[in-house]
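These notes are about the structure you will find just below.
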Amino acid sequence: MQSRMQELMVLLNRESGKTYSNGIAEVREAIDFLKYYSAQTQAISNDEKLQALGTVLCISPWNFPLAIFTGQISAALLAGNTVIAKPAEQTPLIASVAVKIMHEAGVPKSVLQLLPGRGETVGAALSQDKRIQGVMFTGSTAVAKILQKTLADRLGSEGRPIPLIAETGGQNAMIVDSSALTEQVILDVVNSAYDSAGQRCSALRILCVQEDSAATVIKMLKGAMQQLIVGNPAILKTDIGPVIDIEAKQTIDTHIQKMKSKGYPVHQLMFNDAVSQQTLAQGTFVPPTAIELPNLDDLEREVFGPVLHIITYKYGELEQLIDRINAKGYGLTMGLHTRI
């Protein structure tokens, strides 16, 4: 993978719309997974009488089509299982190259098989098959619950429940108190909310700012958003590429329109020139968006794109704020900016 960095980053750029910097980071992450799981396997004592499950189904997402794909497969293989890899339907080319590299590296074809296709057909048929003895899944919470229900209907060959390892999305929040240094806050917010067009399960979705400093933070955030170049990710100066497909764009646009119709302040800002406007009209692009909400009640589900929601809280209300964030369900990451 290291020696084929250029080929892989170009493929990530063309098939999944990643900028080259994101593409390089992803290849490195895939390599890290291979090294990490190898080290984990070597650390297991020979005294531990562990047994492989059998055939494991790995269902990976389009937002990290090389890294998470490689991580799932390597973990399952190193534990002694055989693997059927079902990549996201949007990114089969990257998956096929990754599997080819693994086969070239010596993984037998009888041990690792690629089965691309739609989740509703191929994924559903595989997860229901009695020969599948474990499932690894990264994707939406809704699909994870379907898989959980499917696997709960049967037991494995040893008479035990079929393991399901699922990593899903969540409402990731950052709390910013009045002591925080605004410049540092904005750098982190822009990186977390808008890099990769917000298409990371770790991306910032809810920015909670103490109301004493909210006006300054929002003003500076809007200024930073206006510096972001949205466009073709093959061009080096591009900061934000497209969202994955037209369905994703429509879902995000519908949410933004709904928030506008409720009268909430919606800021859609980016580096604006004739080229930028032409770009927006030609692809599945969503400008960096910030929405000011009166509270968290209007946020029913994760919006998987470059959309940040901002709420304010009063001094002394930190405990209540944390309770409200927790009530939103599961989150993968949490941020805190304070100098106290």
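All values reported here derive from a predicted model rather than from experimental measurement.
Between the side chain of Asn63 and the backbone N or O of Gln199, at least one donor-acceptor pair lies under 3.5 Å. Side chain of Gln133 to main chain of Thr55: no donor-acceptor pair is present (N/O by atom type, distance under 3.5 Å, no hydrogens or angles). Distance alone, capped at 3.5 Å, is enough to place a donor-acceptor pair between the Ser179 side chain and the Arg339 backbone. In this structure a side-chain-to-backbone donor-acceptor pair under 3.5 Å is missing from Ser192 to Ala203. Side-chain atoms of Gln2 never come within 3.5 Å of backbone atoms of Ile31 as a donor-acceptor pair (strictly under, hydrogens ignored).
Counting heavy-atom neighbours within 6.0 Å of Glu183 CD, excluding the residue itself, gives a total above 12. Heavy atoms from other residues, nucleotides or ligands lying under 6.0 Å from CZ of Arg154 number more than 12. For CD of Gln6, the number of neighbouring non-hydrogen atoms (other residues, nucleotides, ligands) closer than 6.0 Å is 12 at most. More than 12 non-hydrogen atoms from other residues, nucleotides or ligands lie less than 6.0 angstrom from OH of Tyr20.
When every heavy atom of Ser74 is checked against every heavy atom of Tyr37, the shortest pair comes out as OG-CD1, 3.4 Å.
With sequence neighbours left out, the side chain to side chain donor-acceptor pair (under 3.5 Å) criterion links Asn81 to no other residue. Scanning for ring-ring contact (aromatic ring centres under 6.0 Å, His included) contacts around His255 gives His309, with sequence neighbours left out. Residues that satisfy the ring-ring contact (aromatic ring centres under 6.0 Å, His included) test with Phe304, not counting sequence neighbours, are Trp62. Scanning for side-chain contact (heavy atoms from CB on, under 4.5 Å) contacts around Thr150 gives Ser127, Gln128, Ile146, with sequence neighbours left out.
Applying the side-chain hydrogen bond (donor to acceptor under 3.5 Å, both in side chains) test to every pair with at least one member in residues 216-240, sequence neighbours left out, gives no pairs at all.
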### Verdict with supporting geometry, Glu319 and Arg324, salt bridge (charged side-chain N to carboxylate O under 4.0 Å, His left out)
CA-CA 9 Å; Glu319 292 293 329; Arg324 277 155 57 207; over 6 Å; no

### Query
Should Leu12 and Asn22 be marked as a side chain to side chain contact (heavy atoms under 4.5 Å, CB included) after you check the CA-CA gap, both sets of side-chain angles, and the distance that decides it?
CA-CA 9 Å; Leu12 285 161; Asn22 284 167; over 6 Å; no

Would you tabulate the side-chain donor-acceptor contacts of residues 245-252 under 3.5 Å, counting partners in other chains and residues two or more places apart, or write 'none'?
residue: Asp245; atom: OD1; partner: Glu247; partner atom: N; Å: 3.4
residue: Asp245; atom: OD1; partner: Ala248; partner atom: N; Å: 2.9
residue: Asp245; atom: OD2; partner: Gln90; partner atom: NE2; Å: 3.2
residue: Lys249; atom: NZ; partner: Asp253; partner atom: OD2; Å: 3.0
residue: Lys249; atom: NZ; partner: Phe285; partner atom: O; Å: 3.1
residue: Thr251; atom: OG1; partner: Glu247; partner atom: O; Å: 3.0

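The cationic atom of Lys86 (NZ for Lys, CZ for Arg) does not lie both less than 6.0 Å from the six-membered ring centre of Phe137 and within 45° of the ring axis.
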